[in-house]
Amino acid sequence: MLTWLSIIIILAPLAGAISVGLLGRVMGRPPAHWITITSVAISFAASVWILGIYIAQPFEVFEKTLYIWGQSAGIPIEVGVYIDSLTIAMMCVVTFVSLMVHIYTIGYMCDDPGYQRFFAYIAFFTFSMLMLVMSNNFMQLFFGWEAVGVTSYLLIGFWFKRPTAIYANLKAFIVNRVGDFGFLLGIAAVFLVFGSLNYGEVFGHAELLSNETLTLWSGTTVSMATAACILLFIGAMGKSAQVPLHVWLPDSMEGPTPISALIHAATMVTAGVFMVARMSPLFEQSTAALTFILVIGGTTALFMGLVGIVQNDIKRVIAYSTLSQLGYMMIAVGASAYAAGVFHLMTHAFFKALLFLGAGSVIIAMHHEQDMRKMGGLWRYMPITYITMLIGSLALSGIPPFAGFYSKDSIIEAVKLSTIPGAGYAYFAAVAGVLVTAIYTFRLFFMVFHTKPRMDDKTKSHLKESPWVVTVPLILLAIPSLVIGYILIGPMLFAEHAFLNPSLYVLPQNDVLAKLGEHFHGALAFTLHAPMTLVFWLAVGGIALMWALYIKWPGIPEKIKNHFSIIYKILVEKYGFDIFNDWFFGKGTRGVGNVAWKVGDIKIIDGAMVNGSAHLVGRIAKLSRYVQSGFLNQYVQIMIIGLLGLMSWWLYAWVG
Amino acid sequence: MDFSLKAMLPEIFLATMTCVILVLDLYLSDRFRRVTYLLSQVTLVFAAVFAIALWDNHFVLMGGHFVSDKLAVVLKTSVFIVGFCIFTYVYDYLRERDIRISEYYILALFSMLGMSILISAGSLLTLYLGLELLSLPLYAMVAMIQRQNTASEAAMKYFVMGALASGMLLFGISLIYGSTGQIHLDALPVAINMAEQPDMLLLLGVVFVVIGIGFKFGAVPFHMWIPDVYQGSLSPIVLFVATAPKIAAFGMLSRFLWDMFGAAPETWQSFILIMAVLSLLLGNIAAIAQTNIKRLLGYSTIGHVGFIFLAIYAGNFAAGAFYVLAYALMTLAAFGILVVLSQRGIEIEDITDLAGLDKQHRWLAVMMLLVIFSLAGVPPSIGFYAKFVVLSALVDAHVAYLAVFGLVMSAIAAFYYLRVVKVMYFDEPTQTREITIPHGTNVLLSINTLATWVLGILPGGLMAICLLLY
């Protein structure tokens, strides 16, 4: 039963993608979206079915190899499924958000010439993402990892006639390559130690990792656990856009908005968090790696949020907020509170997809204008978008009882208790980040929906609420953003048999969630406790501050900007990451390339090898033409020469 | 002596039906020529069914001269399926040119009968009998179309060289017989003769037999016939010569090198290696200089043969079997497309004749693209997987340097394959013409083409079958 369901879950989107991808032009638009939506809906239904089976009768893990493609040096290259509570959670989130985005796309892309292509891509993305989360071995994980990367590349550059989109997708691809390099090395390290790439076998002997050491250079050794985990995490840094590999994510907003919601907010970018949680038995072996994660996550959470405050492009604000929230998730997994990280991943998937799709709805109404300085007062024209966006913003800011509050608060509480080095810094970053989150979120909200309308009259006269294909997904996403935190915090994190516990491995001394759980008395108490905490008042304070600055006294932001122009400049330049990358890596590699081109390419390769081998090939071809003269007697001669040759070999080998 | 002729049912049926078709065809008027075609197809289908029915059993009959085992079943079935596809692809070509359809079909059927016997050979005599029955109709087929002088020339060359190779094979067989007193493909006498000290006579016999095998495959330096025959004959004939006989030749190779000399691989390994290396080298490099597409595919065939021989050298016959089946499938599609394209008085001869195919018939161009990629070994096509299996067999046999050599050669091969793709997609068509493909042909050709990729993505089943054979 589970086998069949999982096969259906994986293959349905693939079938949709292939049929629409190949025949899209023939079948026209409505069949294209019906086929892909049906296929993803089937996946979603089957995922929920598996969830039902699990709830009715929890099982430790369901693992099965579906197909062995081949074997290389004793490593089976296989396709398999590994279904446990973590996988089920991810499957449900991925298919649900994907389904919503599919429906939404009908409205968002309705006058785009690449309509069918788009549906084929996002269905293929869903397939790749499911391959990634359902995998039972590192090889397939890597396949999914790369496949989502490729679809992300294709979709960022979906409008391939815009130079900025091409720049952005190249950037995403190249930066991810850096991460994938580490990831691949990490997988190699795992194989080196365990001699297997199968999850079951690797996790079963996880303690092997801490016994091994790796010699970096003579005299300097490092624990294999630290090396492997940091390498794997570098992969996660690329995919989940952690500092300093975050630079691609803001630029990826060049892609259509549904993509930003699906890939660059809800699913693909969280693959890194999922991966770390999945590998929890390995990461638990190395405190150093966890510290590394905490520092990187904390930095991302706070400093990327700060950049979000000065952005004016509506999608970029949300993109920086995504970076910051990914930082929170990393803080959680770094503090060994894997369940909290995955929980935040889930709630974030809902409210961030909601925010992106809401932003998309605004963008539709504004005729593809994304600059918030030209918006304002939209609440009057688009009530559904307004209310759903408000829900999303409150959830993002962590105001109870919205979903974000529960997951973010658990993370902050967990990291507070953690004894892993670096937890103090991460705690500070997380708490400060709450204020920052509230500030950029409500800056966006007030600038778009309140304040005086600043658009031109033509746009203003066309302002209207988006069609139902856009608003229905908004409403369907708003519901979980509202309630899912309250409902799930107990069962996911603190219940005696918490949902995710069987999938995750935490050392007893690191288990901060268990310590937290001792003081957990139901979701209601958790909610009511909120006003007693600093975090809550920071969030409320941030919102109040924005209300004061943008609605009450609208002149002040400009003054602040002028007063702190240096800080403003640093934030606008995003701490100079892009400048540095362009200068160091861009110019640097171009310089190296130039030298290599002038010396290596022109002189050695072109001169000696290409022309040389072309000469050689030409000569051999000439010779073979000469031999292949067409004269039968010569042909027979060659056969006889061949015979003589083999006979001489015979003489040499056996007689001589 | 077991006379349960059940095990020979495919051959008996094929022989009977071929004779029936031959006689019947004499009395058919031209309007009913299609009957010959349909009967031939039915014959092949039933022969294939009879062959598959023998899967579970191992028969040895006629005093050991004839065997039917899993290898025989797989190879025979493949030959019949390939034959079925060929007959479909060429029908309209032959019709359009007023070529005597029945002669093509009947000669091909006789040749396939020879292949079937060769594959089931239990002794050196049957082996030789099958080989001759396979070859003679081929010579006639190449010569069949007299309007072209090149065809007679090609046939003449093919025949003379074939006769020479047959002579060598027969000489080798007589040496082996003289040395062991045995004509059955039985490993025991070889083992006994090799056990005490290397038997020179036996080893010399192996040299000659290996040359016979090499000739049938077209391995360097016994490849001279391939470019001329491929270029000189019409596409439908090349389509046949290039596919089915290679499967049968693999049967011959496997019977001889595995059944009889499998216990003493050192007797033949070095010869196979020499031919493999030379074939890879010459096949792939000479192909670069070709402008004629059939000749190019001819040289590429030589390169593929190099890979098959590498697998045999590594002692992995299953990998060899997989490669030869993959090769047959890909070549079938490639030449099939050339045959289908040659219509309305146009013969596809040069690579430039394919220029702008993308604009003339998009689906045909896509199919050709898929096949060419598969031939070049782009993952995850069957061509890639076949190469992958061979290369990993080489690594397992601790001859990694040969794997590297094979890799370099396939990189070179990618160049001339991609040139064909470039011409199809980026060059302007030289003439505007309309291409129509009959419905049935289109479906079969599409299945054939897609199979080269589906079997690459899901190679497990075919590989499992190949592993069962040895």
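Below, chains carry the letters A, B, ... as their sequence lines are ordered, and counting in each starts from 1. Just so you know, these numbers use all the heavy atoms, side chains as well, and skip hydrogens, waters and symmetry mates.
Interface residue B:Ile457: only backbone heavy atoms are found under 4.5 Å from chain A. Contacts between B:Val395 and chain A at a heavy-atom distance below 4.5 Å are absent for every atom of the residue. Contact of B:Gln290 with chain A is not made at all, since no heavy-atom distance falls under 4.5 Å. Contacts between B:Tyr158 and chain A at a heavy-atom distance below 4.5 Å are absent for every atom of the residue. Interface residue B:Ile274: only side-chain heavy atoms are found under 4.5 Å from chain A.
Around the CZ atom of B:Phe159, the shell of radius 6.0 Å holds no more than 12 heavy atoms that belong to other residues, nucleotides or ligands. Residue B:Met156 qualifies as open at atom CE: its count of foreign heavy atoms under 6.0 Å is 12 or below. The number of heavy-atom neighbours closer than 6.0 Å to CZ of A:Arg25, taken from other residues, nucleotides and ligands shown, is 12 or below.
Taking OH from A:Tyr635 and NE2 from B:His223, the interatomic distance works out to 8.5 Å, rounded to the nearest 0.5 Å. For the atom pair CG (A:Leu651) and CG (B:Leu203), the distance works out to 11.0 Å, reported to the nearest 0.5 Å. The line from CZ of B:Phe208 to CG of A:Leu643 is 4.5 Å long, rounded to the nearest 0.5 Å. Atoms CG and CH2, on B:Leu273 and A:Trp649 in that order, are 8.0 Å from each other to the nearest 0.5 Å.
Closest approach of B:Pro221 to A:Gly642, counting heavy atoms only: CG-CA, 3.6 Å. When all heavy atoms of B:Leu204 and A:Trp650 are compared, the pair lying nearest together is N-NE1, 3.4 Å. Nearest heavy-atom pair, B:Gly456 versus A:Trp69, reported as atom, atom and distance to 0.1 Å: O-NE1, 3.1 Å.
Proximity of a side-chain donor or acceptor of A:Tyr67 to a complementary backbone N or O of B:Gly460 within less than 3.5 Å is detected.
Take B:Tyr416 and apply the ring-ring contact (aromatic ring centres under 6.0 Å, His included) test, not counting sequence neighbours, and it matches no residue.
Considering only heavy atoms from C-beta on, B:Met161 comes within 4.5 Å of A:Leu632 through its side chain.
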For residues 403-411 of chain B, please give each side-chain donor-acceptor pair under 3.5 Å, one per line with the distance, not counting sequence neighbours.
unit_1	atom_1	unit_2	atom_2	d
B:Ser410	OG	B:Gly406	O	2.9
B:Ser410	OG	B:Leu407	O	3.0

Throw together a table of side-chain donor-acceptor distances under 3.5 angstrom for residues 118-134 of chain A, partners on residues two or more places apart or in other chains.
unit_1	atom_1	unit_2	atom_2	d
A:Thr126	OG1	A:Ser98	OG	2.9
A:Thr126	OG1	A:Ile122	O	2.8
A:Ser128	OG	A:Phe124	O	2.8

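Residues of residues 163-171 of chain B that come within less than 4.5 angstrom of chain A, heavy atom to heavy atom, are B:Leu164, B:Ala165, B:Met168 in numerical order.
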